[in-house]
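Below is one structure, written out as structure tokens; comments come after it.
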Amino acid sequence: MQEITPFHTAINDLAGLAAGIHKNSGKIIGYMCSYAPEELIYAAGFHPMRLFSSKSDISLAENHLQAYCCSLVRGVLEDSLAGRLGYLNGMVFPHTCDSIQRLSDIWRLNTNHGFFADVIMPAKLNTPSARAYMKDVLKKFQTDLETAIGHSIAPEDLKASICLFNRIRKHLARIYELKSKFPSIIREKDLFAIVKGAMVMDRKELADRLENIVQRLEQKDPSPSSAKRIILSGSICDMPDIYSLIEAAGGMVVADDLCTGNRWFEGQMDEGIDPLEALTARYADRAICPAKHSGNTLRGENLVRLAKDHKADGVIFAFLKFCDPHAFDFPYMKDFLDKAAIKSLHLELDDQQQGQGQLSTRLETFIHMI
Amino acid sequence: MTDTEPQKDKQKIKAAKRMREIMTAYYMDAMTARENNKKIAWITSGGPVEPLIAMDIIPVYPENHGAMIGASKMGEDLCVKAEEMGYSSDLCSYARADISCAQINGGPIGGLPKPDMLICCNNICGTVLKWYEVQARHFKVPLFILDTPVCHTEYSPEIATYVRRQIDDYIVFLETATGRKLDPDQMVQVGHLALKGQKLWQKVLTTTTHKPSPMSAFDAFFFLALIVTLRGTQTAVDFYEELILEMEERVQAGISSVPHEKYRLLWDNLPVWYQLKWLSKKFSDHNACLVADTYTSAWCSSIKYIDENNFLDSMAEAYTRIYLNNGVDKMADQVLDMIRLYDVDGFVMHSNRSCKPYSFGQMDIMNIVREKTGIPVLMLEADMVDPRSFSLSQADTRIDAFMEIIKQKG
């Protein structure tokens, strides 16, 4: 599908994409977490851009982070120290896990990318005091951005930003919906490119392109698929190979519970209320990251429901090695799936991983078994 | 060098016996709580214990239990059991050991008494949040989370308001769990004792500014248990008063922890519980004493934020601004202060696979310390409870090399 080509182009040359944004006088603020309030960043006139590790060898980051730190945190620091993130005009760190928490300190002390802010989100989300605090934190971040740009963010700009991101989220959700209904409607590697591209491309252009894709997909008359229906659950999944290998092994991804997926785009913001209230409600109520707390069993229940709703044949847990929040949740979530008679496979990811042979074999075995 | 038996006896700290008695009595109390109609709360080591004491709820510390498991060298076995349950070997070994212990009632005391409630304060890490969720599912008991946002560069008014509001939430949680009201007078009294205990603990730790030092960080690791588990009680106050007297006597009598103390070192991060004896002897053989550490001093690091006359209000700030909940640069400042106060010749950092918030950032602190003080720094790779992450021969060689550099400088 030619509509998807720009997404592949964007994610294959992030520096080129950034240069294009700069050419149009855009300023880029990087982030690494799906709790980054992109709507505020965008309303302040910045281009929000999610950072992924370039997966280069780690050498400079070795002087700051031990080998038992996840490859995403080490990889992005390496990229910064090696000068590969020269296009950044700033960075924002929402509070998530212990590793990102310390990366924020190390970043502040060792790099110079201009604007810097910690958005110290609450760790628990299910109490009135936590919600009130989240709103305070978003307000504070708005003030930080306003100080950086030298003027206040016009309320209509923030509303427009919320509407734009709602449009993006709506289209992504629709693409996922179609993918679940007709798994063969879009290739796995294309789905990966769309989601990753959506985190880095110019947002206005993106919203239009997504709309075009939705229109094209809705016109399609997909052939029925006998592929096994797979759900991905985990952290960021920045490995196009996994998607392709699932497809090659006879599987199709029909839904996900990923940081770089459904958790990032699910839900709409209320456009009719105070913008900060709307932001707070969405970030507090969306599907949670395991580094956040909202009840003791919410993620497990959500996953079982997701698997049932999408008639999944199996769930693949895919998260980074050394990702503590996911590793703590894995046993009970697997247990919940077992009790619901849903088969699962656990893959430990590492950006520096070499060789896909073993991964391919494990995926094939699993997909043949379910 | 071999010391004669009488010399060794003289060097032993007498209060250790009393401390063991107190800890045994405390665990007996906890084990028999149900017969005595008392509630048990499991609580994180950096958690707000004072309201529990004021409400006569027995606090039990899985982290203290983790330390006991490590020291009794039962860590590997219990960690492996957790791995068999599906928990990654990369997870915190306190958590792994505690999670499997709760299932099989294993460990040195046959498992901890079951909790009626769980109190988790995330001022030390995000791991405790996940760990306590696991235990809340296992024991099916209510969990209260005191969420203390990290102070990367400041204790902001937003954080202050949030944490203060949660102190009220906490009291309501405890009152609901026990069906009793918190007695404000009792709370005031416990607050006084908690502050007094922390000040005394600080005094215990600073006795090691004396040269030679009457005790070492290895002793502090042991005597720490009371300020953690019995903070806010008269028992802790009485004990530390006694311990200070003994330290003062040792200073006067010239009794030192390391017989021929020549070099003074600062330790960073949690102890390597299963190698305390070996490490202590290793440094002692080099005439080096670990006179202080960043770990045990964390239980008196926020005294300055406590308002004795307004304990509940001020505890929000005191519990949020502890050592580990600060930015790396602030932690480095505290390390530099300790290097000056204790007049140390070298800095030993335990790079602890189990503790990411304590260990990530250590290399930056190491560079700051080297730049600002010029003292040698050693980084030892280990884990606090799981011995599979520790190589004795490698540590042996590295400590020898490190001490060689210190000796050349000296």
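- For a residue to count as touching a neighbouring chain, one of its non-hydrogen atoms must lie under 4.5 Å from one of that chain's; by this rule B:Leu324 touches chain A with backbone and side chain alike.
- Of the listed residues A:His346, A:Lys321, A:His95, A:Met121, the one with more heavy-atom pairs under 4.5 angstrom with chain B than any other is A:Lys321.
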Check your understanding: So B:Ile124 and B:Glu63, side-chain contact (heavy atoms from CB on, under 4.5 Å) or not? Walk me through it.
Key -> CA-CA 11 Å; B:Ile124 45 171; B:Glu63 287 159 76; 3.4 Å; yes
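- Judged purely by distance below 3.5 Å, without hydrogens or angles, the side chains of A:Asn302 and A:Arg299 never pair a donor atom with an acceptor atom.
- Atom-to-atom distance recorded for B:Trp42:CH2 and B:Gln135:CD is 5.0 Å, nearest 0.5 angstrom.
- Separating the OH atom in B:Tyr358 from the OG atom in B:Ser351 is a distance of 12.5 Å, to the nearest 0.5 Å.
- Residue B:Ile159 touches chain A through both its backbone and its side chain, counting heavy-atom pairs closer than 4.5 Å.
- We find that A:Asp274 and A:Lys135 are joined by a salt bridge, their nearest charged nitrogen and carboxylate oxygen being less than 4.0 Å apart.
- Looking at B:Asn122, only its side chain comes within 4.5 Å of chain A, counting heavy atoms on both sides.
- The contact between B:Met379 and chain A is made entirely by side chain atoms (from C-beta outward), counting heavy-atom distances below 4.5 Å.
- With a 4.5 Å cut-off on non-hydrogen atoms, A:Ala67 does not touch chain B at all.
- Residue B:Ile145 touches chain A through both its backbone and its side chain, counting heavy-atom pairs closer than 4.5 Å.
- Neither side chain, B:Asp169 nor A:Thr127, offers a donor N or O lying under 3.5 Å from an acceptor on the other.
- Heavy-atom distances place the side chain of B:Val134, and not its backbone, under 4.5 Å from chain A.
- Interface residue B:Glu154: only side-chain heavy atoms are found under 4.5 Å from chain A.
- Of the listed residues (A:Asn63, A:Asp98, A:Thr297, A:Asp136), the greatest number of heavy-atom pairs within a distance under 4.5 Å of chain B belongs to A:Asp98.
- For A:Leu65, the parts sitting under 4.5 Å from any heavy atom of chain B are the backbone and the side chain alike.
- Most heavy-atom pairs under 4.5 Å with chain B: of the set A:Ala132, A:Ala327, A:Cys323, A:Cys97, this distinction falls to A:Ala327.
- Only the side chain of B:Asn367 comes within less than 4.5 Å of a heavy atom in chain A; its backbone stays farther off.
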